[in-house]
Amino acid sequence: MATRKNTIRQLISWRIFTGEAMIQLQLSEEKYEYDVRGLLMAFYPHEEIVKVSWGSGDDGSWRRQLLVEYQKDTAVITLSCREEETVLSRQAQAQMQWAAAGLSSPEGSRAKSAVKRRVYELLTGDTNRVLPWGTLTGIRPTKIAMGMVEQGMTDEEIVACMKSTYLVNDEKSALSAEIARREKALLEKLDYENGCSLYVGIPFCPTTCLYCSFTSYPIGRYEGQSDGYVAALERELTATAELLGKKKLNTVYFGGGTPTTLTPLQLERLLERIREAFDLSKLKELTVEAGRPDSITPEKLRALKKHGVSRISINPQTMKQETLDLIGRRHSVEQVREAFHMARELGFDNINMDLILGLPRETIDDVRFTMEEIKRLRPDSVTVHSLAVKRAARLNQLWEQYAHMSMENSDETMTAASSAARELGMYPYYLYRQKNMAGNLENVGFAAPGKEGLYNILIMEEKQSIVACGAGATTKMVTGDGRIRRADNVKDVALYLEKVDEMIERKRRLLTEEA
């Protein structure tokens with residue numbers, strides 16, 4: 001049995017169930033469960049984590065156990081691993097006196113960091129892996145770097161601090177510092193007190209992609225409800241504008257779903273409603289996710305252009321046709337090219353393209369091929385995503401059908417994508433992470449100077465209030481002291497149509513309390 005000295009005791013067990021290892025989490029107290037669970041998900045992707053009550057008996061079915069026990073003066077973490085169902089092959093333990101670590105109790109952010117660090121060390125020893133983002137499990141690592149930038153720290157100091165505190169490697173620390181400085185310069189243009197942003201959710205798509213977990217429904221099944229949805233959304237937009245009073249919109253973002261599944265007339269109705277209802281005198285950006293090339297027509301693009309849309313996304317995800325077919329995109333690579341050229345010919349000079357690395361069966365050569373195709377098109381920005389398989393995605397629900405397929409991302413593929421973006425004269429300007437990301441990596445937005453998506457930064461840095469309308473949309477109000485309060489809309493389309501007045505009332509309560 002190998003023993004390590006350091007912090008906490010927690011139990012996490014892998015069970016054999018239908019031939020598949022599972023993780024069982026046991027805590028003496030509820031402290032930091034979310035963070036410990038996040039580390040487990042990072043080290044052991046696609047394993048199901050099962051939490052059991054503290055002190056549960058051993059039923060002999062686990063493959064690994066990580067116990068965390070919080071005591072008055074000491075915390076102990078024990079990781080046990082079985083190679084076979086009946087053989088305990090190894091165990092590692094970390095102990096720590098709180099006082100020796102300069103802590104008076106297992107409370108607060110410093111104690112949480114200490115707990116995560118000890119768990120991380122045990123999991124690293126078990127897997128022989130280090131994570132590029134170290135102990136960070138949240139989705140907004142650049143918020144940490146942004147705080148350091150605002151304190152006046154140099155890039156070298158930021159890298160050293162992120163490495164020593166969170167075990168983030170030098171490359172990711174430097175990337176965080178670079179992006180934080182660029183974000184700070186871009187956000188200085190905005191008036192947080194008198195301004196806000198607007199998100200408009202369109203929950204329809206041509207088809208549902210294999211990996212998608214967003215609020216999105218196949219338009220073919222909802223065409224009869226789309227007019228009713230637009231009418232309800234117009235009602236919510238009008239009421240929201242009245243609630244905002246004198247606040248001015250800085251950015252507007254149509255997402256989903258795929259907004260361009262709507263007809264040209266429906267798109268015009270929504271854009272006209274926004275122009276009539278809101279104060280756009282300080283508007284810096286109006287983005288529409290055109291997204292799926294099979295939803296784009298000249299008429300729709302003309303409708304967007306007519307109403308002042310300044311930025312659109314045309315998202316291939318990959319330029320390998322076999323992968324598009326596999327993930328359910330149901331459009332061709334040629335349609336991507338046609339939609340892009342169509343938008344350019346109609347005068348769109350700020351076009352983003354989303355890509356996903358780690359898609360089933362894709363290799364580094366496929367990524368390089370995709371990036372060469374993107375370089376030929378020369379978009380104005382590229383967002384590079386690392387595949388994240390969430391619980392609601394079909395890929396997760398049908399995992400057994402796809403588990404044999406390679407879905408790997410790596411520093412090599414991320415470097416290939418980022419190098420191609422930089423060759424196009426683009427620089428990284430925002431970053432976020434998700435759970436269950438291939439390679440435990442990140443999503444990074446690259447843009448040519450002046451072509452950045454301000455809304456993307458705002459949604460990550462959470463420095464400005466964002467009001468959101470539509471099924472599945474979440475309004476986030478940022479208070480003067482930096483706290484964030486939310487109001488969620490229902491996700492189901494039929495329920496949204498039925499309860500749109502209730503969604504308005506939720507916003508009224510939130511905004512009235514804010515005032």
Side-chain angles (χ1 to χ4, degrees), residues 205-212 214 258 260-261 288-297 301 311-346 348-389 393 395 402 405-426 428 437-439 441-448 451 453:
C205 270
T207 58
T208 301
C209 297
L210 189 63
Y211 50 79
C212 183
F214 293 111
T258 303
T260 43
T261 51
V288 172
E289 285 272 356
R292 290 278 292 264
D294 47 343
S295 72
I296 297 172
T297 66
L301 290 176
R311 183 175 180 273
I312 64 171
S313 283
I314 298 173
N315 302 331
Q317 317 300 20
T318 176
M319 296 295 272
K320 182 180 178 182
Q321 189 62 54
E322 293 85 352
T323 306
L324 291 174
D325 296 339
L326 178 63
I327 63 178
R329 290 289 283 185
R330 297 192 186 175
H331 64 76
S332 68
V333 169
E334 186 55 36
Q335 282 178 293
V336 175
R337 298 189 189 101
E338 291 172 354
F340 185 90
H341 291 309
M342 187 191 308
R344 278 286 196 244
E345 289 167 5
L346 288 170
F348 286 94
D349 61 1
N350 194 347
I351 303 176
N352 174 72
M353 302 190 88
D354 280 6
L355 306 172
I356 299 179
L357 307 188
L359 289 170
R361 292 179 176 164
E362 289 236 338
T363 66
I364 180 64
D365 288 337
D366 295 322
V367 173
R368 290 185 179 123
F369 171 78
T370 289
M371 296 314 299
E372 287 302 312
E373 292 294 302
I374 297 301
K375 284 163 66 176
R376 290 188 182 94
L377 291 172
R378 301 193 67 82
D380 305 286
S381 61
V382 172
T383 307
V384 180
H385 299 268
S386 188
L387 178 68
V389 183
L395 181 56
Y402 300 94
M405 298 181 185
S406 173
M407 283 176 273
E408 296 296 327
N409 195 13
S410 66
D411 282 329
E412 185 182 18
T413 49
M414 289 296 290
T415 298
S418 62
S419 296
R422 289 183 186 268
E423 288 170 15
L424 285 167
M426 299 178 187
M437 295 187 78
L441 292 163
E442 66 279 337
N443 305 324
V444 184
F446 296 85
K451 304 296 184 180

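What you see below is based on every heavy atom in this structure, not just the backbone, and it leaves out hydrogens, waters and symmetry mates.
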Open item on the list: If you apply the rule side-chain contact (heavy atoms from CB on, under 4.5 Å), what do you find for E362 with L357, and how did you get there?
Closed with: CA-CA 8 Å; E362 289 236 338; L357 307 188; over 6 Å; no

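- Here the side chains of E334 and E338 are in contact, with some heavy-atom distance below 4.5 Å.
- The minimum heavy-atom distance linking N315 with E289 is given by the pair ND2-OE1, 3.1 Å.
- S381 is not listed as a side-chain neighbour of F446, based on a closest heavy-atom distance of 4.5 Å or more.
- When all heavy atoms of L387 and G358 are compared, the closest pair comes out as CD2-O, 3.1 Å.
- A donor-acceptor contact shorter than 3.5 Å is absent between the side chain of E372 and the backbone of F369.
- Between R337 and M342, every side-chain heavy-atom pair lies at or beyond the 4.5 Å cut-off.
- Look at D365 and K320 and you find no salt bridge, because none of the NZ, NE, NH1 or NH2 atoms lies under 4.0 Å from a carboxylate O.
- Residues T413 and S386 form no side-chain contact, since every pair of their non-hydrogen atoms from C-beta on lies 4.5 Å or further apart.
- Side-chain contact between D294 and I296 is absent, with no heavy-atom pair separated by less than 4.5 Å.
- In this structure, D349 and K451 have side chains that are in contact, with non-hydrogen atoms separated by less than 4.5 Å.
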Open item on the list: Walk me through whether H341 and L377 qualify under side-chain contact (heavy atoms from CB on, under 4.5 Å).
Closed with: CA-CA 8 Å; H341 291 309; L377 291 172; 3.7 Å; yes

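- Two residues are said to be in side-chain contact when any heavy atoms from C-beta on lie closer than 4.5 Å; T383 and L355 fail this criterion.
- The OG1 atom of T370 sits 9.0 Å away from the CG atom of L359 when rounded to the nearest 0.5 Å.
- In summary, the side chains of N350 and N352 do not present any donor paired with an acceptor at a separation below 3.5 Å, with no hydrogens or angles considered.
- The 12-atom threshold is exceeded at CZ of R344, counting heavy atoms of other residues, nucleotides or ligands nearer than 6.0 Å.
- Across all their heavy atoms, T261 and S295 have their closest contact at N-CB, 4.2 Å.
- Atom OG1 of residue T415 and atom CZ of residue R422 lie 10.0 Å apart, to the nearest 0.5 angstrom.
- Listed here is the closest heavy atom pair of A416 and M371: O-CG, 4.2 Å.
- Looking only at side-chain heavy atoms (C-beta outward), T297 and T260 stay at 4.5 Å or farther from each other.
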TODO: For T318 and I356, run side-chain contact (heavy atoms from CB on, under 4.5 Å): C-alpha distance rounded to whole Å, both residues' side-chain angles, the deciding distance at 0.1 Å, then the answer.
DONE: CA-CA 7 Å; T318 176; I356 299 179; over 6 Å; no

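- Taking all atoms of both residues into account, the shortest heavy-atom contact from M426 to P379 is CE-O, 3.1 Å.
- Note that the OG atom of S313 and the CE atom of M353 stand 9.5 Å from one another [nearest 0.5 Å].
- Side chain of E345 to backbone of F340: no donor-acceptor contact under 3.5 angstrom is found.
- Between I351 atom CD1 and I312 atom CD1 the span is 4.5 Å, to the nearest 0.5 Å.
- In this structure, the separation between SG on C205 and CZ on R330 is 12.0 Å, given to the nearest 0.5 Å.
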TODO: Tell me, with the steps shown, if M319 and V336 meet side-chain contact (heavy atoms from CB on, under 4.5 Å).
DONE: CA-CA 8 Å; M319 296 295 272; V336 175; 4.0 Å; yes

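- Atom CZ in R361 sits 10.0 Å away from atom CD in E322 (nearest 0.5 Å).
- Considering all non-hydrogen atoms of both residues, V444 and E442 come closest at CG2-CG, 3.6 Å.
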